[in-house]
2 protein chains.
Amino acid sequence: MDAQLKRGLLDVCVLAAIKGEDSYGYRIIKDLKPYIALSESTLYTVLKRLENAGMLTVRTAEHDGRLRKYYRITDVGLRRLEDFKNEWKEVISIYQYVAEGGA
Amino acid sequence: MDAQLKRGLLDVCVLAAIKGEDSYGYRIIKDLKPYIALSESTLYTVLKRLENAGMLTVRTAEHDGRLRKYYRITDVGLRRLEDFKNEWKEVISIYQYVAEGGA
DNA sequence: CATAATACTTCGTGATACGATGTATTATGT
DNA sequence: ACATAATACATCGTATCACGAAGTATTATG
């Protein structure tokens, strides 16, 4: 899909992917694949950004002798998801303007 | 609204604003205001981009002794709007994923 | 007669998606 | 046994882009 349209959706997609259960990079990419494609470099940029914003916390744990970084959503992250749902009303009104022939 | 979400919508909003009738900078901003706020510097960047992409044509005309640049949508621009509508199905599916609690 | 509105333009900055590339380990196929 | 793919994370450089700030000029308005 269009790279620009993607921009506003990436962060919330990643938050949604870790909302129900802690997850890690590779799995997040696979879980999101049916909805939105993102490369590893993009994902790690997103995760770092969300971490800096306090929307998730990281914990390193061993799995089959290999280290994994597990990401967990915070209250701030959950609030971000709620804000996004509210913002969506605006988006819908914009879409209708565009789809129904503009002015 | 969120700057990132905006990115994928700006171009199509501007195209929609000139779809029905040729328009010019200042008016486009006013017409879009109820839906999406954009500054002059942003709009002219968008218009230049759309022109380079062949999605609109420009014509300078005098109006009350003042020069105005009128923008008209092209077939390429109209096709862009159609593509956008098709892309929207993906966006909706992403939204549902995010809104309904992710994985 | 100043202030606001109209109308367009340029510049610099910060944000950011992504390809390319690198490092390591574990599975899988032949 | 050995190569290839999959898993897992990380960094760097680049191109795109929205926007604030500032500028130029004309026409309404209070």
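Note that these values count all heavy atoms, side chains included, but never hydrogens, waters or copies made by symmetry. In this text the structure is predicted, and so the values were computed from the model without any measurement. Throughout, protein chains are lettered first and strands after them, A, B, ... in sequence-line order, and every chain is numbered starting at 1.
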Novice: How close or far is atom P of C/dA20 from atom CD of A/E40, stated in whole angstroms?
Specialist: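 The distance from CD of A/E40 to P of C/dA20 comes to 14 Å, rounded to the nearest Å.
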Novice: Using atom CZ of B/R7 as one end and atom P of C/dA15 as the other, report the distance to the nearest whole Å.
Specialist: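 It is 12 Å, rounded to the nearest whole Å.
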Novice: Tell me: NZ of B/K6 to P of C/dT16, nearest whole Å?
Specialist: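 Nearest whole value for this atom pair: 15 Å.
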Novice: How long is the straight-line distance from OH of B/Y95 back to NZ of A/K85, given to the nearest 0.5 Å?
Specialist: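 The NZ atom of A/K85 sits 6.5 Å away from the OH atom of B/Y95.
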Novice: Checking side-chain contact (heavy atoms from CB on, under 4.5 Å) against B/V14, which of B/L9, B/I36, B/I29, B/L47 comes through?
Specialist: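 Looking at B/L9, B/I36, B/I29, B/L47, the match for B/V14 under the side-chain contact (heavy atoms from CB on, under 4.5 Å) is B/L47.
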Novice: B/A3 or A/L67: which one's nearest nucleotide on DNA chain D is closer to the 5' end?
Specialist: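 Whichever sits nearer the 5' end wins; that is A/L67.
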Novice: How would DNA chain D look in dot-bracket form, 5' to 3', counting Watson-Crick and G-U wobble pairs with both distances under 3.5 Å and writing | for bases paired to another strand?
Specialist: ||||||||||||||||||||||||||||||
Novice: With nearest nucleotide decided by heavy atoms, which residue, B/T45 or B/K30, maps closer to the 5′ end of DNA chain C?
Specialist: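 Upstream on the strand: B/K30.
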Novice: Mind checking which nucleotides bracket the chain A contacts on DNA chain D, 5' to 3', with an atom under 4.0 Å from a heavy atom?
Specialist: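 It runs D/dT7 to D/dC17.
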Novice: Going from CD1 on A/I18 to OH on A/Y71, what distance comes out if it is rounded to the nearest 0.5 angstrom?
Specialist: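 Those atoms lie 9.5 Å apart.
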Novice: Counting only side-chain nitrogens and oxygens, does B/Q4 get under 4.0 Å of the OP1 or OP2 atom of C/dT16?
Specialist: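 Answer yes for this pair, as a side-chain N or O of B/Q4 is under 4.0 Å from OP1 or OP2.
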Novice: Which is true for A/R49 with a 4.0 Å heavy-atom rule: it touches a base, it touches only sugar-phosphate, or it touches nothing?
Specialist: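 Sugar-phosphate, backbone atoms only, no base.
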Novice: OH of B/Y44 versus P of C/dT10: gap in Å, rounded?
Specialist: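 To the nearest whole Å, that distance equals 11 Å.
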Novice: Check the side chains of A/T42 and A/S39 for a donor-acceptor pair under 3.5 angstrom, ignoring hydrogens and angles.
Specialist: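 There is such a pair (donor and acceptor under 3.5 Å, judged by atom type) between the side chains of A/S39 and A/T42.
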Novice: Show your working on side chain to side chain contact (heavy atoms under 4.5 Å, CB included) between B/Y26 and B/R68 and close with a plain yes or no.
Specialist: CA-CA 9 Å; B/Y26 222 73; B/R68 267 189 193 157; over 6 Å; no
Novice: Taking atom C1' of C/dT16 as reference, at what distance in whole Å does atom CG of A/D11 sit?
Specialist: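 Roughly 10 Å, once rounded to whole Å.
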Novice: Hydrogens and angles aside, do A/R72 and A/Y70 bring a side-chain donor and acceptor to less than 3.5 Å of each other?
Specialist: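 No, because no side-chain N or O of A/R72 sits under 3.5 Å from a partner of the opposite role on A/Y70.
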Novice: C/dT16 C1' sits how many Å from B/D2 CG, rounded?
Specialist: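 About 12 Å, once rounded to whole Å.
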Novice: Nearest whole angstrom, please: distance from the C1' of C/dA27 to the CZ of A/R66.
Specialist: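 Interatomic distance, CZ of A/R66 to C1' of C/dA27: 9 Å.
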Novice: Any idea which of C/dA17, C/dC11, C/dT6 is nearest the B/S41 side chain?
Specialist: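 Given the options C/dA17, C/dC11, C/dT6, the side chain of B/S41 is closest to C/dC11.
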Novice: Rounded to the nearest Å, what distance is computed from the CD atom of residue A/E51 to the P atom of nucleotide C/dT16?
Specialist: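 My rounded result for the distance is 15 Å.
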Novice: What is the distance from atom CH2 of B/W88 to atom CG of B/D83, rounded to the nearest 0.5 Å?
Specialist: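 The CH2 atom of B/W88 sits 14.5 Å away from the CG atom of B/D83.
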Novice: Rounded to the nearest 0.5 Å, what separation is found between the CD atom of B/E90 and the CG atom of A/L5?
Specialist: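 One gets 9.0 Å once the value is rounded to the nearest 0.5 Å.
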Novice: Mind checking the CE-CD spacing from A/M1 to B/E87? Nearest 0.5 Å is all I need.
Specialist: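 It comes to 5.5 Å.
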